[in-house]
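If you read the sequence from its start, that first residue is 1, and numbering goes on from there. Basis for what follows: all heavy atoms, side chains included, without hydrogens, waters or symmetry-related copies.
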Amino acid sequence: MARTREFDTEAAVSRAMELFWTRGYEATSVRDLTGHLGIGQGSLYAAFGDKDGLYRAALEHYRTTLAAAALRSLEEGADARSAIRTMLVERVRIAAGDDGRGCLAVNAACERLPQDAATRRTVRDMQDASRDALAEVLRAAAERGEIARRHDPDTLAAFLVTFLNGLLVSAKITPDARTLEPLMEVALAALD
């Protein structure tokens, strides 16, 4: 008779996400994971297949929690410029935290690509969702006259995502959100 799982897999994925985010995939061993999660190696393999399976689950958890929350924040802004500024500031604040651990998705792209096709798909899905959400906000803002119509909303959204990716890498190098905030104003000038 198979043993029942004796740990909360959702909590384990969340804790693994934090460890991968702080250390990266390569620097995180199975021993590190089992110690951090408080589970045996057999339990990890039974639940996730292997370290890679747990990493994919952690990236997916990041996508459905933190990345999704960032996109929801775009919908809550009074106007497009303030909504985008708030999203950028919050993402940089998180990335600069914990001595500059960055963004898990950007870290994954830098560490695991081009070899890891599954990570590429997950990160691309996050990037596409960000671009699409920004394009929708920009399209509506242009219709309301809040921003200039000189740029295509899809191109402007792609620029903002690309800018944000670079900013998130910079937050690892200079883990001080206040130092990076003036750069956001330069990027937001593209809305004029």
Side-chain angles (χ1 to χ4, degrees), residues 5 7-34 36-37 39 41 43-75 84 87-98 100-138 153-173 175:
R5 192 164 291 138
F7 66 95
D8 180 345
T9 55
E10 189 172 324
V13 168
S14 180
R15 288 179 51 86
M17 178 192 77
E18 293 293 333
L19 192 61
F20 284 127
W21 193 353
T22 301
R23 293 188 181 176
Y25 178 86
E26 295 298 332
T28 303
S29 68
V30 170
R31 176 175 279 165
D32 294 333
L33 288 164
T34 57
H36 189 71
L37 303 178
I39 63 174
Q41 190 170 333
S43 295
L44 184 146
Y45 288 124
F48 304 106
D50 56 12
K51 174 183 161 183
D52 196 54
L54 180 53
Y55 185 71
R56 285 191 308 275
L59 276 177
E60 183 61 22
H61 181 71
Y62 183 86
R63 185 185 71 77
T64 60
T65 57
L66 292 166
L71 297 183
R72 281 192 304 276
S73 74
L74 283 173
E75 300 167 0
I84 294 167
M87 188 266 301
L88 292 171
V89 168
E90 181 62 17
R91 296 303 301 148
V92 167
R93 187 192 62 74
I94 291 168
D98 292 328
R101 70 178 176 169
C103 164
L104 181 60
V106 173
N107 295 352
C110 293
E111 182 180 18
R112 303 289 297 153
L113 302 185
Q115 294 84 5
D116 185 342
T119 296
R120 181 187 301 270
R121 280 189 300 277
T122 301
V123 172
R124 184 180 293 140
D125 288 348
M126 284 188 252
Q127 302 262 314
D128 290 350
S130 295
R131 188 192 62 242
D132 293 347
L134 281 164
E136 186 58 37
V137 166
L138 293 166
D154 293 312
T155 303
L156 190 52
F159 161 75
L160 289 169
V161 169
T162 302
F163 168 76
L164 178 58
N165 289 339
L167 204 57
L168 295 172
V169 171
S170 293
K172 291 176 70 77
I173 299 163

- Item | Side chains of Leu104 and Leu66 in contact at under 4.5 Å (non-hydrogen atoms) | no

- Message: Is any side-chain heavy atom of Arg121 closer than 4.5 Å to one of Leu59?
- Response: no

Using a strict cut-off of less than 4.0 Å between a Lys/Arg side-chain nitrogen and an Asp/Glu carboxylate oxygen, indicate whether [X] and [Y] qualify as a salt bridge.
| X | Y | answer |
| --- | --- | --- |
| Glu18 | Arg15 | no |
| Asp116 | Arg56 | no |
| Arg72 | Glu75 | no |

- So does Glu26 have more than 12 non-hydrogen atoms from other groups sitting under 6.0 Å from CD? yes

- Between Lys172 and Val106, does a side chain to side chain contact (heavy atoms under 4.5 Å, CB included) hold up when you go through it step by step? CA-CA 11 Å; Lys172 291 176 70 77; Val106 173; over 6 Å; no

- Interatomic distance, CG@Leu138 vs OG1@Thr155, rounded to 0.5 Å, equals 10.5 Å

Got a donor-acceptor contact below 3.5 angstrom from the [X] side chain to the [Y] backbone?
| X | Y | value |
| --- | --- | --- |
| Gln41 | Val30 | no |
| Asp98 | Arg101 | no |
| Lys51 | Tyr25 | yes |
| Thr28 | Gly24 | yes |
| Thr22 | Leu19 | no |

- Item | Residue pair Val13, Phe48: steps toward the side chain to side chain contact (heavy atoms under 4.5 Å, CB included) verdict | CA-CA 9 Å; Val13 168; Phe48 304 106; 3.5 Å; yes

- Task: List the atom of Leu74, the atom of Ala133, and the distance in Å for their closest heavy-atom pair.
- Result: CD1-CB, 4.0 Å

- Task: Could you pull out the closest heavy-atom pair between Phe20 and Leu33, with the gap in Å?
- Result: CZ-CD1, 3.7 Å

- Task: Start with the C-alpha distance between Tyr62 and Thr122, add both sets of side-chain angles, then the distance that settles side chain to side chain contact (heavy atoms under 4.5 Å, CB included), and finish with yes or no.
- Result: CA-CA 10 Å; Tyr62 183 86; Thr122 301; over 6 Å; no

- Message: Using side chain to side chain contact (heavy atoms under 4.5 Å, CB included), reason through Gln127 and Arg131 one step at a time and then give a plain yes or no.
- Response: CA-CA 6 Å; Gln127 302 262 314; Arg131 188 192 62 242; 5.9 Å; no

- Message: Could you check whether Ser29 and Asp32, counting side-chain N and O atoms only, form a donor-acceptor pair closer than 3.5 Å?
- Response: yes

